[in-house]
Student: 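Encoded as structure tokens, here's the structure I'll be asking about.
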Amino acid sequence: MQLQNTEKIMKMFSDKVIRDAKRNLKGKGSGKLANSLDYDLKVYPSGALELNFKSEDYAKFVDKGVKGKESSAKAPQSPYQYKNRMPPTKALDKWVVRKGLKGTRDEKGRFVKRKSIVFGVAKSIQLYGLPATKFFTKAFGKHYGTLPADFTKAYANDLSKFLKATTADILK
């Protein structure tokens, strides 16, 4: 059974989710994450469908947030929490450079190196966590609400075509 209409609806749904998720990330300094968003749709001959959304591994932390070691105020519903480990400083170093956070002076007037700034940012994230952006959750929820009606119509059209073709073959 070919599911051309159903596949088309699922592709449109997936494209909309990815588009809105990228839009939700815009301006948040996550170009690499936005560029990694994609999906994989498989339609099996049996009529089964399989849809998987793909992204960088850390997307779940950006979407759901992370509770801090001392406070969960930024992401109270997050299943993730920093305990003994800090976020990777390598990624934060690149972020500090992109943000233009240059070395500053401490209270005694001494120059503070970028490495120290990166460590301070990482320690702050470990203690207080990361807020949930829900960039993907919001996009998925928005379009999932309209999917059942569209999906049902498309599947019914595909099934109707299949039944007409099958009965035409039988009645010959």
Student: Calculate, to the nearest 0.5 Å, the distance between atoms CG and CG belonging to Asp20 and Asp15 respectively.
Tutor: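 If we round to the nearest 0.5 Å, Asp20:CG and Asp15:CG are 11.0 Å apart.
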Student: Would you say the side-chain atoms of Gln126 pair up with the backbone N or O of Gly68, donor to acceptor, closer than 3.5 Å?
Tutor: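 Such a contact is absent between Gln126 side chain and Gly68 backbone.
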Student: Less than 4.5 Å apart, side chain to side chain, heavy atoms only: is that true for Lys90 and Val118?
Tutor: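 Not touching, per the 4.5 Å side-chain cut-off.
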Student: List the atom of Lys69, the atom of Gln81, and the distance in Å for their closest heavy-atom pair.
Tutor: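 Taking every non-hydrogen atom into account, O-NE2, 4.2 Å.
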Student: Might you confirm whether atom NZ of Lys134 has over 12 heavy atoms from other residues, nucleotides or ligands at distances under 6.0 Å?
Tutor: no
Student: Examine distances only and state if a side-chain atom of Thr133 and a backbone atom of Val62 form a donor-acceptor pair shorter than 3.5 Å.
Tutor: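 Present.
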Student: For Ser55 and Leu37, which heavy atoms make the closest approach, and how far apart are they?
Tutor: CB-CD2, 3.6 Å
Student: Going by heavy atoms in the side chains, are Lys54 and Asp40 under 4.5 Å from each other?
Tutor: yes
Student: Please report the interatomic distance CE(Met12) to CZ(Arg19), rounded to the nearest 0.5 Å.
Tutor: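 Between Met12 CE and Arg19 CZ, I get 10.0 Å after rounding to 0.5 Å.
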Student: Taking Ser36 for the side chain and Leu33 for the main chain, is one N or O donor matched with an acceptor at less than 3.5 Å?
Tutor: yes
Student: Using a 4.5 Å cut-off on heavy atoms from C-beta on, say whether the side chain of Lys64 contacts that of Pro79.
Tutor: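 In short, these two side chains touch, coming nearer than 4.5 Å.
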Student: Could you pull out the closest heavy-atom pair between Ala122 and Pro87, with the gap in Å?
Tutor: O-CD, 3.4 Å
Student: If I compare all heavy atoms of Ala139 with all of Ala21, which pair ends up nearest, and what's the gap?
Tutor: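 Residues Ala139 and Ala21, closest heavy atoms: CB-N, 3.6 Å.
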Student: Should Ile117 and Trp95 be regarded as members of a common hydrophobic cluster, given that ILVMFWY residues are connected when their side-chain heavy atoms come within less than 4.5 Å of each other, either directly or indirectly?
Tutor: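 Yes: a chain of side-chain contacts under 4.5 Å links Ile117 to Trp95.
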Student: Under the criterion side-chain contact (heavy atoms from CB on, under 4.5 Å), I'd like the reasoning laid out for Tyr39 against Met10: C-alpha separation, chi angles, the key distance, then a yes or no.
Tutor: CA-CA 11 Å; Tyr39 67 91; Met10 292 303 288; over 6 Å; no
Student: Please check if atom OH in Tyr80 has more than 12 non-hydrogen atoms from other residues, nucleotides or ligands closer than 6.0 Å.
Tutor: yes
Student: Are the side chains of Ile125 and Met86 in contact, using a 4.5 Å heavy-atom criterion?
Tutor: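 A side-chain contact under 4.5 Å is absent here.
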Student: Atom NZ of Lys138 and atom NE2 of His143: how far apart are they, to the nearest 0.5 Å?
Tutor: 13.5 Å
Student: Does a side-chain heavy-atom distance below 4.5 Å link Ile18 with Phe53?
Tutor: yes
Student: Is Leu92 reachable from Val112 through a run of hydrophobic residues whose side-chain heavy atoms are each under 4.5 Å from the next?
Tutor: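 Yes: a chain of side-chain contacts under 4.5 Å links Val112 to Leu92.
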Student: Do you reckon Tyr128 sits in the same ILVMFWY cluster as Phe61, going by side-chain contacts under 4.5 Å, direct or chained?
Tutor: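 No, separate clusters.
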Student: In this structure, would Leu51 and Phe136 fall into the same cluster of hydrophobic residues linked by side-chain contacts under 4.5 Å?
Tutor: yes
Student: Do Tyr144 and Leu49 share a hydrophobic cluster, counting only Ile, Leu, Val, Met, Phe, Trp and Tyr and linking them when any side-chain heavy atoms are less than 4.5 Å apart?
Tutor: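 Yes, it is one cluster - the side chains of Tyr144 and Leu49 are joined through contacts under 4.5 Å.
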Student: In this structure, are over 12 heavy atoms from other groups packed under 6.0 Å from Asp57 atom CG?
Tutor: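 No.
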Student: Any salt bridge between Asp63 and Lys60, counting N to O under 4.0 Å?
Tutor: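 Judged by the 4.0 Å cut-off on N to carboxylate O distance, Asp63 and Lys60 do not form a salt bridge.
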Student: Taking atom CD of Glu50 as the centre, report whether more than 12 heavy atoms of other residues, nucleotides or ligands fall under 6.0 Å from it.
Tutor: yes
